[in-house]
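Here is the structure we will look at, set down as structure tokens.
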Amino acid sequence: MSIYLDNSATTTLAPEVIEKINETNSKYYGNPSSVHTVGQEARHVVDEARREVADFFGANPEEIIFTSGGSESDNLAIRGIISNSEPRTSKPHVITSATEHHAVLHTIEDLEKEGKIEATYIKPDKDGLISPESVEKEIRPNTILVSLIYVNNETGVVTPIKEIGEMIEKTNSELPTPDSRLLFHTDAVQAVEFMPVNVDELKVDLLTFTAHKIHGPKGIGGLYVRWGVKLAPQITGGSQEFRLRAGTENVAGISALAEALKLVHSTQSTVHSKVEKLRNKLIEGIQKNIPDTILNGVRTKRAPHIANISFMNAEGEAIILNLDFLGIAVSSGSACTSRTLEPSHVLTAMGYPPEKCHGSIRFSLSRYTTEAEIDKVLEVLPGIIEKLRAMSPFKSLNESTNSH
Ligand SMILES: *Cc1c(COP(=O)(O)O)cnc(C)c1O
């Protein structure tokens, strides 16, 4: 029996979703672009799914572009806006944060290196929060895009997207010409299951989502693009996805994504508080039974499924391996950084010294997490930490500096 607490890296497939994939793959194998009946049946599956996905976000079907996942959607949003921007007298300016997922951060850094944009990377406060004021301060006459993560995938801290969207709308309403409008993109990958994601309420122009973080399959996701926002395609070829993303549609993946969202919608009212309760039990149990721990990121204003905790004088990788040995899957920071042994860019941006990052563990829960699983983690963790601390060569060295 394994206990899976790494749902921010990916999630298990919901049984209903598996059924949907199998059904679509066997029944609707046609190419949606084909004129014959077999093709048109597949086209119908894609159209239906697009309508359902659009409904979920409060959007129109023409505003949903299916992609291969969150990374591609982030690239399409950012590169699509930049390569489509009108020739300007000054270089376009992009505002983002230092705590973005790498799919956003590396994309903006690359564009900056290529000399195509100027970029500002807003630092969060020590709790990981990004305020509307800190964004507003950075807006320049040549700013064309703001891209901010909705729920941070390492800490679970929530960015006030709605408030920032309102601030940007107000800024836009004071502009002399509407076509110099500042656009707002959010990577909502970690928010879809637990937070409000109605695009009109959030006042976003572009929103990234992916199936495999909400109990759907890997390799399928999407981008909401507000009607009238012009993007340049990043994959060219056929005219699929309103000419914004060439390639034969992943019909089974698309129907599975729609099914996954349907399940989110039908379980939303109960899942949030259930997961939050278990997450709080985990945090409180750790804080009560293990000395010298820090909860990373603000205590309130966080999504219910993530707890990122530093265990001082214990090495993160060693904690992961010890838990894994007992069938418990967790991760350090994000899966992307854990292999490099570099301190997390998110915790570093929050002002953490490397030694606090190294002992940081991300526990991420899902709607399928049970109380018995949390109890098991709380039962074994104190012993593991105690053992690792006893072995730590830095113990005596750090003891004097880490009194908090
Ligand atoms: C997982 C994740 C992504 C990447 O999505 P993929 O579908 O794996 O490409 C992007 N942003 C955030 C916040 C994520 O957690």
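In listed order, ligands and their atoms are each counted from 1. Heavy-atom basis, side chains included; hydrogens, waters and symmetry copies ignored.
Screening Glu114, Glu112, Glu118 for a salt bridge (charged side-chain N to carboxylate O under 4.0 Å, His left out) involving Lys116 leaves a single residue, Glu114. The salt bridge (charged side-chain N to carboxylate O under 4.0 Å, His left out) test with Glu169 singles out one residue from Arg226, Lys162, Arg181, Lys203, and that residue is Lys203.
By the 4.0 Å N-to-carboxylate-O rule, Glu72 lies close enough to Arg245 to be salt-bridged with it. Ion pair Glu193/Lys213 not flagged as a salt bridge, since none of the NZ, NE, NH1 or NH2 atoms sits closer than 4.0 Å to an Asp/Glu carboxylate oxygen. The pair Glu386-Arg389 fails the salt-bridge criterion, with no side-chain N (NZ, NE, NH1 or NH2) lying under 4.0 Å from an Asp/Glu carboxylate O. A salt bridge is defined here as a Lys NZ or Arg NE, NH1 or NH2 lying under 4.0 Å from an Asp or Glu carboxylate O, and Arg43 with Glu249 meets this definition. A salt bridge does not link Glu166 with Lys170: every distance from a Lys NZ or Arg NE/NH1/NH2 to an Asp or Glu carboxylate oxygen is 4.0 Å or more.
By the 30° and 60° cut-offs, the orientation of the rings of Phe311 relative to Phe363 is perpendicular.
Shown in contact with Ile149 at under 4.0 Å from a heavy atom are these atoms of ligand 1, numbered in order with element: 13 (C). Per-residue contacts place Gly69 under 4.0 angstrom from the following atoms of ligand 1 (heavy atoms of the residue considered): 7 (O).
Neither the backbone nor the side chain of Lys218 comes within contact range of ligand 1; no heavy atom lies under 4.0 Å. When heavy-atom distances to ligand 1 are checked against a 4.0 Å cut-off, Ala103 has no atom that comes that close, whether in backbone or side chain. At a 4.0 Å heavy-atom cut-off, ligand 1 does not touch Val151 at all. Proximity of Glu72 to ligand 1, defined as any heavy-atom pair under 4.0 Å, is not found for any part of the residue.
Evaluated by nearest non-hydrogen atom to atom 13 (C) of ligand 1, the leading choice among Thr186, Thr10, Asp187 is Asp187. Compare Ser71, Gly219, Ser364, Ser68 by their heavy atoms: the one nearest to atom 9 (O) of ligand 1 is in Ser71.
Among all protein heavy atoms, the one lying closest to atom 1 (C) of ligand 1 is Lys213 NZ, 1.3 Å. Among protein heavy atoms, the minimum distance from atom 12 (C) of ligand 1 is reached at His101 CD2, 3.3 Å. Residue, atom and distance of the protein heavy atom nearest to atom 8 (O) of ligand 1 are His212 NE2, 2.8 Å.
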